[in-house]
Amino acid sequence: MHYFVIGSDTLRYGPADVDQLLRWIADGRIDARTILVDVSSGAECPAVQLPALQDALRLSGVSHRPGRGESARVEHYIPVHDADAAPAY
């Protein structure tokens with residue numbers, strides 16, 4: 001089966017087969033609440049409801065990406081330098 005992935009940016013990605021979805025889970029691109037759309041039927045469901053993905057999602061350690069109004073826990077912070085911005089003192 002093939003699925004489209006509805007990204008956090010609301011764009012549709014794919015179609016992707018289950019092997020590709022598993023790679024995207026490993027890369028942190030898909031979490032349990034990511035919406036998948038079955039290409040053949042158009043049915044939508046969260047990734048966690050697809051049995052073939054459940055083990056990978058559990059092992060990924062990420063239950064979901066923060067949505068609107070939720071804050072992300074930042075593990076690593078890399079400051080971005082803007083050469084045109086005045087330094088903050």
Side-chain angles (χ1 to χ4, degrees):
M1 297 184 91
H2 287 81
Y3 299 89
F4 289 109
V5 174
I6 306 300
S8 59
D9 55 6
T10 69
L11 295 178
R12 186 178 279 207
Y13 297 92
D17 61 14
V18 170
D19 288 335
Q20 181 64 54
L21 296 174
L22 291 169
R23 286 190 292 273
W24 286 346
I25 290 168
D27 292 344
R29 297 178 184 187
I30 292 178
D31 64 40
R33 294 188 339 184
T34 300
I35 298 299
L36 303 178
V37 180
D38 185 309
V39 169
S40 60
S41 70
E44 295 184 9
C45 70
V48 72
Q49 289 184 3
L50 197 66
L53 304 181
Q54 289 174 351
D55 287 340
L57 288 165
R58 193 174 311 107
L59 293 172
S60 73
V62 177
S63 61
H64 72 280
R65 284 188 306 262
R68 290 187 186 138
E70 295 180 304
S71 61
R73 191 173 124 203
V74 177
E75 300 272 339
H76 303 283
Y77 174 72
I78 301 171
V80 176
H81 175 69
D82 184 350
D84 296 327
Y89 294 104

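Given the structure is predicted, the values throughout are model-derived calculations rather than measurements. All values below come from the heavy atoms of this structure, side chains included, with hydrogens, waters and symmetry mates left out.
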Open item on the list: Within the 4.5 Å heavy-atom criterion, are Val5 and Leu36 side-chain neighbours or not?
Closed with: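 Answer yes - side chains close enough.
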
How long is the span from the [atom1] atom in [X] to the [atom2] atom in [Y], to the nearest 0.5 Å?
{"X": "Ile35", "Y": "Gln49", "atom1": "CD1", "atom2": "CD", "value": "8.5 Å"}
{"X": "Leu21", "Y": "Leu57", "atom1": "CG", "atom2": "CG", "value": "9.5 Å"}
{"X": "Gln20", "Y": "Asp27", "atom1": "CD", "atom2": "CG", "value": "8.0 Å"}
{"X": "Leu22", "Y": "Leu59", "atom1": "CG", "atom2": "CG", "value": "10.5 Å"}
{"X": "Leu53", "Y": "Tyr3", "atom1": "CG", "atom2": "OH", "value": "7.5 Å"}
{"X": "Arg23", "Y": "Asp17", "atom1": "CZ", "atom2": "CG", "value": "6.5 Å"}

So which atom in [X] and which in [Y] form the shortest heavy-atom distance, rounded to 0.1 Å?
{"X": "Trp24", "Y": "Ala16", "answer": "CZ3-CB, 3.7 Å"}
{"X": "Ala32", "Y": "Pro46", "answer": "O-CB, 3.6 Å"}
{"X": "Ile25", "Y": "Ser60", "answer": "CG2-CB, 4.0 Å"}

- [ ] Check each of Asp38, Val39, Val37 against Ser41 using the side-chain contact (heavy atoms from CB on, under 4.5 Å) test, and report the only one that passes.
- [x]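 Filter result, single survivor: Asp38.
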
